[in-house]
Every structure is written in C-alpha cells, then in structure tokens.
Amino acid sequence: MGQTIKQLSSLMILNIDGGDRVSYTFNEIAAETGEPVSKNNKRSFVAVDAELRNHIEAIRDYIRQNKLEV
C-alpha cells in the first residue's frame with residue numbers, strides 16, 4: 001500500500017470521571033488516487049496536555065456564553 005492521507009470526519013469531547021476524553025473518527029484515502037482505503041476508523045485519548053485542556057475549556061466557555069445564554 002502507498003501513502004495515505006488521514007481525513008478527520010468527526011470529533012467529540014466527553015467529560016468522563018472529571019477528565020476529558022477526546023474521541024475522533026477518520027477516513028484513510030490513497031494519496032495518489034484519492035480512493036478510500038479505510039473508513040470510519042475510531043480512536044480516543046485522554047486530554048492531559050495543558051494547552052489542549054485550555055482549548056477544550058475555551059470551546060466550553062464559548063458554548064456557554066454564545067449558545068446557552070441566549
């Protein structure tokens with residue numbers, strides 16, 4: 001198999017037991033032909049990096065201020 005491009009197709013942040021789990025889905029596409037190699041690949045990880053946690057909190061703040069306080 002040649003080189004592939006990974007294309008993010010979905011993203012979800014879940015608060016589980018006080019921590020943030022980032023779950024995402026992606027498709028793999030053949031770089032040369034554009035043909036799908038695999039679809040709906042799922043992965044997840046716990047957000048432990050301080051910078052990433054700050055970004056997640058900024059998204060939450062945006063939603064609270066702009067979508068919930070209407």
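A donor-acceptor pair under 3.5 Å links the side-chain atoms of Asn27 to the main chain of Asn40, judged by distance alone. Side-chain atoms of Ser23 never come within 3.5 Å of backbone atoms of Met12 as a donor-acceptor pair (strictly under, hydrogens ignored).
Note that the NE2 atom of His55 and the CG atom of Asp49 stand 8.5 Å from one another [nearest 0.5 Å]. Atom NZ of residue Lys39 and atom CZ of residue Phe26 lie 14.5 Å apart, to the nearest 0.5 angstrom. Here CG of Leu8 is found 12.5 Å from CZ of Arg43. Values are rounded to the nearest 0.5 Å. A distance of 9.0 Å separates CD1 of Ile29 from OG1 of Thr4, quoted to the nearest 0.5 Å. Note that the CD1 atom of Ile59 and the CG atom of Asp20 stand 10.0 Å from one another [nearest 0.5 Å].
Side chains of Ile13 and Arg60 form a contact here, defined as non-hydrogen atoms less than 4.5 Å apart.
Annotation for Ala47 and Leu52: closest pair CB-CD2, 3.8 Å, computed over non-hydrogen atoms. Scanning all heavy atoms of the two residues, the minimum distance from Ser44 to Arg21 falls at OG-NH1, 3.3 Å. When all heavy atoms are compared, the tightest approach of Ala30 to Val37 is N-CG2, 3.5 Å.
A continuous path of ILVMFWY side-chain contacts below 4.5 Å connects Leu11 to Ile56, so both sit in one hydrophobic cluster.
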